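Below is one structure; the comments refer to it alone.
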Amino acid sequence: LEAACVRQELYNQRWRPPAHAIAQLAHSSRSMRLAPRGAAVAQTTILGFGSLLSEQSSRLTFPDLENFRLVRVPNYRRLMQHPASIFFQRSIADPQKKNWCSLSAEPCAGASFVACAFEVVFEGEQRAAYELREEEFDVVSAPYTTLDGAPAGEGLLCAQWTDEGYKRKYGDAVYEERYGRYGVQQIWGWPRDCGATPCPVYLRHCVLAAEKAGEIASDSFLDETWLVDRQTTVRQFLETHPEVMSTRPPPELAGRYSG
């Protein structure tokens, strides 16, 4: 019951897009391969590579998920490169310090990382909640393999997008509400030397989630996740910024940002 209340509270705190954006979400066939509403029940595979590496965290968003497992995503690089508006809304990132970076996947031939995969049934509010949760991404259908490298299927992956695509979908007013009013005039395409760093509370959350998933997932997160410069790994960043792992979330967000 307590977990359900937390989920509902967090959902209520989420930003609601205007009516035209909701309509676009309902009818968009962008890169997502989702079962049509009203169709026969079908499962969709989700690929998680940050906080979702923790099954406990995944179940906050997908309480009825099935077959949680570790997999490898080839030909994508895991990056902490873009600002997430929710960090500003929750006051856990400072636009002036540029400590705002969240995770995304960038196409990169030859790269790979360990992720989790699980199946869900998208119907009713669960589909809408997923689309709103990942609103700044290009959600693509990406192949994944077993940890041994055998092809295992395709799943939905949160890949980098463009500001132009975001504005086309949600409009300039939403862009201003979500980013501009915080003094952030760009979501995607930050130069490698921009100096942006991971959101400390979120990075700690992801590190703890990866640890819960086991050594394979944890080592991959530390060594196969890169900062915006594409040169510094998360492990290297934490070695020079050990204070990150002692950066606690505000008390009201402790259940959401603790792995």
Side-chain angles (χ1 to χ4, degrees), residues 10 13-18 20-25 28-32 46-52 61 73 76-108 111 113 128-142 156-203 205-206 225-232 234 237 253 256-257:
L10 291 172
Q13 291 175 357
R14 285 298 304 229
W15 161 81
R16 298 294 197 276
H20 77 274
I22 294 176
Q24 289 174 7
L25 278 171
S28 173
S29 60
R30 194 156 49 88
S31 300
M32 287 185 176
I46 302 293
L47 298 174
F49 52 91
S51 62
L52 293 184
T61 305
V73 179
Y76 279 90
R77 175 165 52 190
R78 180 167 43 198
L79 290 177
M80 303 199 81
Q81 64 162 324
H82 77 283
S85 177
I86 196 66
F87 297 163
F88 306 134
Q89 296 173 49
R90 293 174 173 169
S91 300
I92 59 174
D94 185 345
Q96 299 302 316
K97 295 180 179 179
K98 292 186 179 179
N99 60 352
W100 59 36
C101 289
S102 184
L103 284 168
S104 63
E106 175 184 68
C108 182
F113 57 84
Y130 177 77
E131 293 173 346
L132 289 177
R133 171 191 167 100
E134 314 298 4
E135 47 91 15
E136 79 262 32
F137 298 100
D138 186 17
V139 182
V140 302
S141 184
L156 297 185
L157 180 73
C158 291
Q160 65 185 30
W161 201 13
T162 65
D163 285 25
E164 292 74 19
Y166 185 99
K167 290 178 179 179
R168 279 196 304 271
K169 185 168 185 177
Y170 296 105
D172 289 340
V174 171
Y175 188 89
E176 176 63 25
E177 170 69 18
R178 298 283 275 167
Y179 290 94
R181 72 187 182 102
Y182 297 105
V184 179
Q185 302 301 325
Q186 184 176 345
I187 307 173
W188 299 102
W190 287 89
R192 298 188 180 201
D193 61 353
C194 67
T197 57
C199 170
V201 168
Y202 178 69
L203 177 55
H205 175 41
C206 291
T225 307
W226 306 87
L227 271 59
V228 67
D229 63 7
R230 277 76 165 177
Q231 295 181 344
T232 306
V234 162
F237 178 76
L253 296 175
R256 179 66 182 84
Y257 287 97

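The model shown is predicted, which means the values in this text are computed figures rather than measured ones.
In this structure, the side chains of Y202 and R90 stay at 4.5 Å or more apart for every pair of heavy atoms. Looking at S104 and W188, their side chains come closer than 4.5 Å, going by heavy atoms from C-beta outward. Using a 4.5 Å cut-off on side-chain heavy atoms (C-beta onward), Y76 and C108 make no contact. You'll find the side chain of H205 stays beyond 4.5 Å of the side chain of L203, heavy atoms only. Annotation: side chain of Q186 is not in contact with side chain of Y179 (no heavy-atom distance under 4.5 Å).
To the nearest 0.5 Å, the span separating CZ on R168 from CG on D163 amounts to 11.0 Å.
Under a 3.5 Å cut-off, the side chain of D138 and the backbone N or O of A159 do not form any donor-acceptor pair. With hydrogens and angles ignored, the 3.5 Å screen pairs a side-chain donor or acceptor of R78 with a backbone N or O of F49. Put simply, the side chain of Y175 gets close to the backbone of Q185: a donor and an acceptor are under 3.5 Å apart.
Side chain to side chain, E106 and Q81 fail the donor-acceptor criterion of an N or O pair below 3.5 Å.
Residue P200 comes nearest to I92 through the heavy atom pair CD-O, 4.4 Å, listed as atom of the first residue, atom of the second, then distance. Considering every non-hydrogen atom in both P191 and V228, the closest pair reads O-CG2, 3.9 Å. Contact detail for D94 and N99: the closest heavy-atom pair is N-OD1, 2.7 Å.
Of the listed residues (F137, Y166, W100, F87), just one forms a ring-ring contact (aromatic ring centres under 6.0 Å, His included) with H82, and that residue is F137.
Taking a cutoff of 4.0 Å between a charged side-chain nitrogen and a carboxylate oxygen, R178 and E135 qualify as a salt bridge.
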### Task
For the pair W161 and E136, evaluate side chain to side chain contact (heavy atoms under 4.5 Å, CB included) and give the outcome as yes or no after the intermediate values.
CA-CA 7 Å; W161 201 13; E136 79 262 32; 5.6 Å; no
### Message
side chain to side chain contact (heavy atoms under 4.5 Å, CB included), that's the test. Do L227 and C101 meet it? Break it down for me.
### Response
CA-CA 8 Å; L227 271 59; C101 289; over 6 Å; no
